[in-house]
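See below for the structure under consideration.
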Amino acid sequence: MTKTNVRGPFGTAVGPFLVVVSRAQRNIYGKEGGMEGIWRVYRERIKLIFQMTVSIKIGGTNMVRKALTVVTALGVFMAAALPTGALAKTVDDFTDLQGVDIATKAKLETLIQAGVFQGVSEDRFGLNDTLTRAQFAKVLALILNLKVDSSITESSFKDVKADDPGNGYALPYIEALKQAGITMGNADGTYNPAGNVTKEQLAAFLIRGLGKEGEAKSTPGVSSDTVSDWAANYVALALQLKLLDGSVNDFKGSASRDDLIDGLSNSGTYHYGNNQPFRVYGVEQTGASRLQVNLSRYRSNEELSFKVVSKKYGEVTVKAVEWSGTKATLILDRKLEEDSYDITLTGTGPIDEKYTQGSTSTHTEKLTSIKFTDPSDTVAWVKEIPVHFAPLNQFGESMNLTADDFDISSSEVLTTVKGEPAVLVHMNNSTLRRGDRFTVSIMEPNGGVAVTRIFTIGDSAFVAKLESKGITDASGKATDSLMSGEQAYWNFTAYNQYGDQIRDLETLTKYISVISDKSQLKFGGISVSSGNSAQTYARLVADTSSEIQVKATLSAASTGGTFQSTLTLKPKPVVEPAPVYSPPASTPSPDPEPPVEENPAAVVEEIGFADLTSESVLVQPITKNAKKLYYAVIPSAGAPAELTAEEVKNYKAAHPTSISGTVDVTSTSVNTKTTISLSNLSTKTKYKVFVVAENGEGLLSEVKRQEMETRFKVSFVNPPPIIIPEGADNKGALSGYVTYDAPNTLEEAELFYTLDSLDNLGMNQVILNAVQKKPFSDIRNVSAGMGSFEIFSISPAESPYYLYLVMKQGDSYSDLLRYQVYWPAQSSPSNP
């Protein structure tokens with residue numbers, strides 16, 4: 001029996017009133033039944049008292065008045081007891097929530113005041129209590145604002161009964177979920193309302209509630225022994241949407257109320273209308289310059305702003321805010337470092353002053369992966385094949401790094417594209433043709449991140465797709481008019497048949513043209529901006545003596561696609577010449593100064609290395625306006641930090657035995673590549689390479705300096721390896737030992753090896769074969785200056801096999817060792 005002191009609207013005691021509530025009724029109306037259940041009990045008691053009052057026959061009118069007074073007092077009490085906005089509970093009313101963090105309190109405050117959650121008792125919320133399927137049905141029905149028919153007394157499920165003491169209250173909510181397609185129940189026609197909701201069931205319910213059933217079916221399922229087969233796709237999508245915590249390790253285990261609250265709040269997908277105040281749920285770093293603030297509700301017309309304070313630098317500027325659902329992403333004016341930030345929400349609209357702040361620790365971005373961005377492994381044959389890649393940080397963003405920040409090698413000659421994460425693979429002197437392959441390997445200088453891709457050469461390039469980017473003037477601003485004698489630029493992007501952007505001028509000129517309906521607008525040809533493959537454009541030149549309008553058409557002969565634009569051509573304004581001052585006849589005019597002819601400077605654009613071994617290397621400087629190159633190659637241990645241009649030029653004279661000298665440059669065109677062949681280098685040695693260019697007038701460029709390291713040596717232990725029969729199946733085995741003189745023979749190294757019928761594999765292909773565990777290929781860890789290899793089940797062949805080995809220790813590589821072996825045994829020619 002519960003004794004309730006009934007009070008008036010201002011807390012004045014009206015008198016004691018006995019509300020008799022049976023244990024069964026308390027079970028029905030407790031937990032998620034909350035005040036609604038108690039209200040139902042009170043209604044029944046009012047009805048009973050009213051009936052008793054009407055039937056009173058003794059004591060005259062005073063007794064009737066007393067009974068009616070009690071009824072009136074009850075009405076006041078019950079109105080005050082309802083969960084109205086003014087009297088709704090808050091987080092502070094629950095003793096078990098006093099120690100939770102501020103972000104969790106903000107989430108709970110929103111759910112409690114929205115009526116989605118209530119406590120399990122007057123003073124306990126039960127954050128970590130498990131959820132029964134009956135409780136969950138009510139919560140989700142309220143969240144989704146489903147149509148709930150409270151008059152229903154019969155359920156679709158045979159184990160859901162209105163008179164169930166513990167779970168009968170949930171019958172209309174379970175039916176609402178069934179009608180919405182969120183639950184189907186068990187195969188035997190039951191719902192199991194008293195059973196606990198498992199984490200995988202929670203995932204399925206929430207995904208269906210969002211209407212993402214189809215998306216879940218197309219999501220690859222998680223692979224885990226703790227996930228049922230039927231739930232694998234739901235769990236995978238729920239993890240992506242943050243409906244489930246990614247640290248969960250048992251998805252068949254029971255879900256708690258906290259699990260549901262985290263899923264509803266952290267995902268930013270479920271929301272509860274815009275009648276709640278804004279609260280800050282938490283802050284996290286989501287990019288190199290991005291902080292994401294998770295809020296309690298969607299923004300509509302409110303003007304919200306954020307104050308961001310760094311522990312290191314104080315208040316910092318927010319350049320922009322990107323909104324997505326309940327998440328606000330703050331883009332700062334600086335890259336984030338190892339630091340901590342406090343964010344404060346301000347602005348118009350309802351803001352809960354207790355939950356306006358959030359904090360997070362931030363980290364400097366770091367390279368975590370490299371991704372080739374070319375759409376296909378097949379590339380069109382052109383003289384210079386562009387290969388693009390994206391260096392990605394821990395947030396999946398492209399980093400501001402270029403090809404010059406990486407060690408890039410290829411089975412063909414390549415050069416880097418200045419200022420871009422891209423290289424050009426040169427086919428000018430290559431023997432590769434359609435169907436042949438080449439590799440490109442990209443490695444972080446310290447060797448922590450690396451990627452290799454094999455490309456196949458396809459047909460010659462043609463324009464398969466054309467996109468217009470609009471017409472601009474010389475300053476880059478969009479324009480629809482052009483002055484006579486000036487140029488405009490029709491910017492476009494062309495793609496070849498394999499989806500790659502075309503930057504090859506020969507291909508573009510062959511297919512792209514601009515036609516005008518009037519002769520006053522002329523097509524000036526195609527241009528490609530130096531060092532930037534994204535800027536390709538057609539030049540337009542005006543020549544008119546009157547203002548006219550012309551229609552121009554940009555087209556690609558191979559696609560049939562066209563773009564049209566209208567330009568207004570204007571004549572040059574006539575400018576009256578300024579009067580010429582004539583000095584008095586007695587003052588002789590000075591002789592005019594002779595025109596100064598500008599002497600184009602020689603420049604070393606960059607230095608590349610090719611065919612690097614333990615004893616030789618090809619140095620390939622790219623120069624501009626150069627006639628001669630002077631170089632000096634000095635071991636780094638004793639090299640000066642810098643050399644002047646004159647010191648490089650005279651280095652050979654001052655140091656006759658040094659690796660230095662001069663070479664002629666046969667062409668003065670832009671970006672001329674000259675090869676300097678160096679030999680007799682010391683093994684596993686770092687060198688500083690200094691190069692300076694000289695033009696036809698004898699003027700020297702600035703010095704370009706770059707460091708390189710020669711390979712270390714690896715060799716077979718005598719006798720050299722041979723193929724030995726290994727069984728009755730007429731197959732053979734090959735094994736042997738190698739020695740190496742790596743930078744530190746005591747440290748562990750990696751031995752990559754492969755056996756192939758091809759005689760021209762490069763280092764990148766050998767490493768790739770070993771990494772991918774291709775037939776007759778593998779990787780072994782070796783140390784102490786010696787390693788071994790084993791290859792089994794080698795089929796007999798009339799032509800020879802070729803054994804390739806290469807080693808890596810830290811960021812240092814060995815020479816590529818190549819050895820010819822025969823099977824079955826034949827007389828072996830001398831090996832290279």
- request: Could you go through the salt bridge (charged side-chain N to carboxylate O under 4.0 Å, His left out) check for Asp250 and Lys199 one step at a time?
  value: CA-CA 8 Å; Asp250 182 8; Lys199 291 181 173 68; over 6 Å; no
Under 3.5 Å donor-acceptor, Glu213 side chain and Ile207 backbone: no
- request: Give a yes or no on this: more than 12 heavy atoms of other residues, nucleotides or ligands lie within 6.0 Å of atom NZ of Lys217.
  value: no
field: Donor-acceptor pair between Thr416 and Glu606 side chains, under 3.5 angstrom
entry: yes
task: Could you tell me whether the side chain of Ser256 and the main chain of Asp259 form a donor-acceptor pair under 3.5 Å?
output: yes
- prompt: Between the side chains of Ser359 and Asp342, does any donor sit under 3.5 Å from an acceptor?
  reply: yes
message: So which atom in Tyr498 and which in Asp459 form the shortest heavy-atom distance, rounded to 0.1 Å?
response: OH-N, 3.0 Å
message: Looking at Glu748 and Asn781, would you say the former's side chain and the latter's main chain have a donor-acceptor pair under 3.5 Å?
response: no
query: Checking Arg453 side chain against Asp374 main chain: does a donor-acceptor pair fall under 3.5 Å?
result: yes
Nearest atoms (heavy-atom pairs only) where Ile526 meets Ala538: CD1-CB, 3.8 Å
query: Yes or no on salt bridge (charged side-chain N to carboxylate O under 4.0 Å, His left out) for Glu337 and Lys312, after CA distance, side-chain angles and deciding distance?
result: CA-CA 9 Å; Glu337 305 173 11; Lys312 284 186 178 180; 3.4 Å; yes
message: As an exercise, state the distance from CD of Glu284 to CZ of Phe395, rounded to the nearest 0.5 Å.
response: 9.5 Å
- prompt: Would you say Thr623's side chain and Val604's backbone share a donor-acceptor pair under 3.5 angstrom?
  reply: no
- prompt: Between Asn294 and Gln292, is there a donor-acceptor pair closer than 3.5 Å when you use the side chain of the first and the backbone of the second?
  reply: no
message: For Asp473 and Thr479, which I'm curious about, is there any donor-acceptor pair between the side chains at under 3.5 Å?
response: no
query: Do Phe492 and Phe563 have ring centroids that are under 6.0 Å from one another?
result: no
Side chains of Gln765 and Ser411, donor plus acceptor under 3.5 Å: no
- prompt: Are side-chain N/O atoms of Thr344 and Gln357 paired as donor and acceptor at under 3.5 Å?
  reply: yes
